[in-house]
Amino acid sequence: MSGAAERIRSDWRSVGERWRRAPKWMRWAVLAAVVLFFYALPNKEFYQYLGPIPTTGSNFGQVLFTVSIYVLLAVGLNIVVGFAGLLDLGYFGFFAVGAYTVAVLTSPSSDLKTHWPWLAVVPLAVALTMISGISLGTPTLRLRGDYLAIVTLGFAEMIRIAATSSTFLKGQRGFNQIPHPPGEYADGKPVFGVLDARPYYWLVLTLIILVVFGVRNLTRSRVGRAWVSIREDEDAAQLMGVPTFKFKLWAFAAGAAIGGLAGALYAGKVNFVNSQNFELLNSIIILAAVILGGSGNIVGAIVGGGLVAYLIERFRGIELFGWELYEFRFLFFGVVLVVMMIFRPEGLIPNRRRAAEFKDRRKEVSVGG
């Protein structure tokens, strides 16, 4: 088993080396082709030639929208977990804050009776979610490891319990008639309707591209270098003059803002928000997606988030020996994670530093054995 695992790792490394040595124009051409592929993906004229990739038991456009939301969440959580090295088990709480901000301020069923337009509320939802990230991080980011994980887990549960028990947030009754994003075709038909999920997918995909460019530039700046130093050795970073608390707070705020954006987009699509949308399991799935794809790598987070969301939906409508495979989706998901931890614990597409760390650890284990 160890020989097969090493061959897989070697193949992945060779692909990565060839990609990094490729000319810049070639890499941009490949990225442009990948982006065009994903923009064309929800069209039946295109995906009908992709064999088993389209889902059979559910609307493929809706699945793609769900996948895009998971990808956006994974990119946001990767800032906190992958770049800054902070274990956050309650990230879905920020998603809930963004969704509920849109619901409270736009839904006719809200007690505020405000009826704000969806587009005006989205920046406010992002800002409030960022403030909630700062509010959570200010008293807790002096904790580390398991203690920080427990506190963030408690934050997500607080949000869920408040949504369930509060009459203002309407518990399981929730908020309905949340407005969709604005936009009309030339014939007056709304772009963002109820049945067609493709425009929502294209909207989220466009925002993912913008967020990825922003996060990429941020991680290559002084802030990103500070996050890496904190992740590698926080005490050493502090001794070298890095204001660790400030930069950890930056990571929490940036990750929370992206989570809130995802929540606002989700609320605008589903038209209904209640407390059952924000279970703890969702936070665990997003964290698993980041680890599966490759913690600390933006491309890895994208691949992990998309793959996890797709695998969960892929089994819907498929039966084997009279058993509905969708009921066992998390079992298959768990098996995939176990196999990954055996053959590639650093993730599918790790960053070079993390891959080198795992390589050194494997050498130490083999020498010690």
Side-chain angles (χ1 to χ4, degrees), residues 42 58-73 76 92-132 156 158-208 256-279 281-282 309 313 316:
S58 55
N59 183 281
F60 190 51
Q62 178 61 44
V63 170
L64 288 176
F65 170 75
T66 303
V67 168
S68 64
I69 290 292
Y70 271 73
V71 168
L72 190 57
L73 286 169
F92 218 73
F94 300 124
F95 179 85
V97 172
Y100 268 110
T101 300
V102 171
V104 169
L105 293 178
T106 63
S107 173
S109 60
S110 171
D111 294 337
L112 294 182
K113 305 299 181 182
T114 51
H115 306 298
W116 287 30
W118 181 88
L119 195 59
V121 176
V122 171
L124 181 60
V126 173
L128 288 178
T129 313
M130 184 180 292
I131 292 171
S132 70
M158 286 170 55
I159 297 295
R160 186 185 65 81
I161 292 171
T164 301
S165 59
S166 171
T167 56
F168 180 71
L169 296 179
K170 300 190 179 298
Q172 294 186 7
R173 288 192 299 118
F175 298 89
N176 55 25
Q177 299 180 25
I178 298 172
H180 300 296
E184 292 183 351
Y185 292 109
D187 58 359
K189 183 180 178 181
V191 175
F192 299 94
V194 177
L195 301 178
D196 190 2
R198 292 179 302 171
Y200 299 96
Y201 164 74
W202 287 322
L203 173 62
V204 180
L205 180 60
T206 303
L207 291 174
I208 287 173
I258 297 174
L261 174 62
L265 294 168
Y266 173 80
K269 163 64 175 69
V270 299
N271 195 234
F272 174 76
V273 169
N274 71 351
S275 59
Q276 291 183 323
N277 297 131
F278 311 107
E279 298 292 335
L281 178 63
N282 295 311
E313 291 294 329
R316 191 187 296 271

Point-to-point distance, once rounded to the nearest 0.5 Å, from OG1 of T164 to CD1 of I159: 11.0 Å
Going by the angle between their ring planes, with limits at 30° and 60°, are F278 and Y266 parallel, tilted or perpendicular? perpendicular
Applying side chain to side chain contact (heavy atoms under 4.5 Å, CB included) to P179 and not counting sequence neighbours gives T106, W118
Give, for atom NZ of K189 and atom CG of D196, the distance between the pair rounded to the nearest 0.5 Å. 7.5 Å
To the nearest 0.5 Å, atom CG of N59 lies from atom CG of L195 at 9.0 Å
What are the two closest non-hydrogen atoms of I178 and A103, and how far apart are they? CD1-CB, 3.7 Å
Going by the rule side-chain hydrogen bond (donor to acceptor under 3.5 Å, both in side chains), which residues pair with S107 if we only count those two or more places apart in sequence or in a different chain? S109
With side chains defined as the heavy atoms from C-beta onward, is the minimum distance between F95 and N282 less than 4.5 Å? no
Main-chain N/O of S275 paired to Y100 side chain as donor or acceptor, under 3.5 Å: yes
Does some side-chain heavy atom of T66 sit less than 4.5 Å from a side-chain heavy atom of Q62? yes
Go through the structure and list residues passing side chain to side chain contact (heavy atoms under 4.5 Å, CB included) with S132, not counting sequence neighbours. F94, V97, T129
Determine whether N277 and V270 make a side-chain contact, defined as any pair of heavy atoms from C-beta on separated by less than 4.5 Å. no
Decide yes or no for Y200 and P181: does some side-chain heavy atom of the first lie under 4.5 Å from some side-chain heavy atom of the second? yes
For V104 and F175, which heavy atoms make the closest approach, and how far apart are they? CG2-CZ, 3.8 Å
Is there a side-chain contact between V122 and L261 in this structure, where contact means two heavy atoms from C-beta onward sitting under 4.5 Å apart? yes
Where is the tightest heavy-atom contact between A267 and A99, given as atom of each residue plus distance? CB-O, 3.9 Å
Shortest non-hydrogen contact from L73 toward G259: CD2-CA, 3.9 Å
Is any side-chain heavy atom of V67 less than 4.5 Å from a side-chain heavy atom of Y201? no
How far apart are the closest heavy atoms of A125 and G98, and which atoms are they? CB-O, 3.8 Å
Could you check whether atom CH2 of W202 has more than 12 heavy atoms from other residues, nucleotides or ligands sitting under 6.0 Å from it? yes
L64 and R198: CA distance, side-chain angles, deciding distance, side chain to side chain contact (heavy atoms under 4.5 Å, CB included) verdict: CA-CA 8 Å; L64 288 176; R198 292 179 302 171; over 6 Å; no
Just wondering, more than 12 heavy atoms not from L119 lying within 6.0 Å of its CG? no
Distance from L203 atom CG to K269 atom NZ, nearest 0.5 Å? 12.0 Å
Answer whether the closest heavy-atom distance between the side chains of R160 and F92 falls below 4.5 Å. no
With the side chain counted from C-beta on, respond yes when N274 and K170 share a heavy-atom pair under 4.5 Å apart, and no when they do not. no
Of all heavy-atom pairs linking F65 and V204, the shortest is CE1-CG2, 3.8 Å
